[in-house]
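Values in this document were obtained by computation on a predicted structure and should not be read as measured data.
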Amino acid sequence: MLEGFEDRYAEVNGTRLHYVIGGEGEPLILMDGFPRTWHGLHKIMTPLAEHFRVIAVDYRGQGESDKPEGGYDKKTMAKDVYELVRGLGHEQVNIAGGDIGAMVAYSFAANYPHATKKLALWEGAPFSQMFQDFAKPFPGPGDLNLWIYPLSQVEGLPAKLLAGRFRHVIDWSAEHLALHPERISEESRAIYAQAGRRGR
């Protein structure tokens, strides 16, 4: 665990969320993308904690949070985070997210504008037809291959195919999708693989 931070869990919206919290100041919710967990933000959390009360959330389906059968629409996931925010006693928060975390953060801001002070997004945006065209199941030669998105839409199959093999997804993603794969340490890869083994 990062110095100055602690692991916590909360029962919200019918599911159990894991989050890591530390620092002082205005609350700042952070959410990273799949298949990463809160750990994907660990290098920025300590500097941010000098100015903010940092709350790095594993949304439902990610990391140590519950993996319920349903509720993965972004409005429901945003409600999870909203209930967490309210449970922590905050009326308004800064919220930031990347990739899937960006989609949840955007939905939070759209559905709870009164609870959103500032919003920051990276590596993603709400799903649109443009994204669906971009993440097509059979990309052409030289196209970016985002096969994990269409595979994830097949009910029940990904968990069976990836059982005990999630480290391959982590390594492939790092080598083919990361701008600097060498910066994704062995420790980080092992943490993400372990989170994937817990199921989604």
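- Taking both residues in full, the closest heavy atoms of P181 and A174 are given as CB-O, 3.2 Å, listed atom of the first, atom of the second, then distance.
- Under the side chain to side chain donor-acceptor pair (under 3.5 Å) criterion, E3 pairs with no residue, sequence neighbours left out.
- Here the side chain of R36 pairs no donor or acceptor atom with the backbone of G63 at under 3.5 angstrom.
- Legend: residues meeting side-chain contact (heavy atoms from CB on, under 4.5 Å) with K43, ordered by chain and number and at least two apart, are absent.
- Every residue meeting the salt bridge (Lys or Arg N to Asp or Glu O under 4.0 Å) condition with R8, not counting sequence neighbours, appears here in chain and number order: E6.
- With R189 contributing its side chain and I170 its backbone, the two residues share no donor-acceptor pair below 3.5 Å.
- Note that CG of L84 and OG of S65 are 9.0 Å apart. Values are rounded to the nearest 0.5 Å.
- Taken together through direct or relayed side-chain contacts under 4.5 Å among Ile, Leu, Val, Met, Phe, Trp and Tyr, V54 and W122 form part of one hydrophobic cluster.
- In terms of heavy atoms, T37 sits closest to Q62 at CA-NE2, 3.6 Å.
- Both I44 and W38 are assigned to one and the same hydrophobic cluster, defined by single-linkage of ILVMFWY side chains at heavy-atom distances under 4.5 Å.
- Under the 4.5 Å side-chain criterion, counting only non-hydrogen atoms from C-beta, R60 is not in contact with D66.
- Partners of H42 by ring pair (Phe, Tyr, Trp, His ring centres under 6.0 Å), not counting sequence neighbours, listed by chain and number: H39.
- Looking at every heavy atom in both residues, L119 comes nearest to A109 through CD2-CB, 3.8 Å.
- E155 meets the salt bridge (Lys or Arg N to Asp or Glu O under 4.0 Å) test with no other residue; sequence neighbours excluded.
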Let me see the working for Y72 and I100 under side-chain contact (heavy atoms from CB on, under 4.5 Å), right down to the final yes or no. CA-CA 11 Å; Y72 291 94; I100 302 297; over 6 Å; no
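- Considering only residues two or more places apart in sequence or on other chains, K117 meets the side-chain contact (heavy atoms from CB on, under 4.5 Å) condition with E26, Q92, N94.
- Between the side chain of Y59 and the backbone N or O of D32, at least one donor-acceptor pair lies under 3.5 Å.
- How far CG of L30 is from CG of L41: 5.5 Å, rounded to the nearest 0.5 Å.
- Looking at residues two or more places apart in sequence or on another chain, you find a ring pair (Phe, Tyr, Trp, His ring centres under 6.0 Å) between H176 and W172.
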Test side-chain contact (heavy atoms from CB on, under 4.5 Å) applied to E64 and Y9, step by step: CA-CA 9 Å; E64 293 182 40; Y9 297 86; 2.2 Å; yes
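- Under the side-chain contact (heavy atoms from CB on, under 4.5 Å) criterion, S173 pairs with V169, L177, sequence neighbours left out.
- Side-chain atoms of I95 and M31, non-hydrogen and from C-beta on, do get closer than 4.5 Å to each other.
- Between the CE atom of M103 and the CE atom of M77 there is a distance of 9.5 Å, given to the nearest 0.5 Å.
- Contact detail for A102 and L121: the closest heavy-atom pair is O-CD2, 3.4 Å.
- In this structure, the side chain of S107 does not engage the main chain of A78 through any donor-acceptor pair within 3.5 Å.
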Apply the test salt bridge (Lys or Arg N to Asp or Glu O under 4.0 Å) to residues R167 and E186: give CA-CA distance (whole Å), side-chain angles for both, the deciding distance (0.1 Å), then the verdict. CA-CA 11 Å; R167 175 59 189 259; E186 173 61 31; 2.9 Å; yes
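- Of all non-hydrogen atoms in S188 and I184, the two that sit nearest each other are CB-CG2, 4.3 Å.
- For E91, the salt bridge (Lys or Arg N to Asp or Glu O under 4.0 Å) criterion is met by R86, not counting sequence neighbours.
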Would you be so kind as to tabulate the donor-acceptor pairs closer than 3.5 Å made by side chains of residues 15-22, with sequence neighbours excluded?
unit_1, atom_1, unit_2, atom_2, d
H18, ND1, D58, OD2, 2.9
H18, NE2, D7, OD1, 2.5

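- Residues passing the ring pair (Phe, Tyr, Trp, His ring centres under 6.0 Å) test with Y112, sequence neighbours excluded: Y82, F108.
- Nearest heavy-atom pair across A49 and F5 is CB-CZ, 3.7 Å.
- Applying the side-chain contact (heavy atoms from CB on, under 4.5 Å) test to H90 and every residue at least two apart in sequence or in another chain returns P27, I55, V85, L88, V93.
- Under a 3.5 Å cut-off, the side chain of R53 and the backbone N or O of G23 do form a donor-acceptor pair.
- Y192 is connected to L161 through a chain of hydrophobic side-chain contacts under 4.5 Å among Ile, Leu, Val, Met, Phe, Trp and Tyr, so both are in one cluster.
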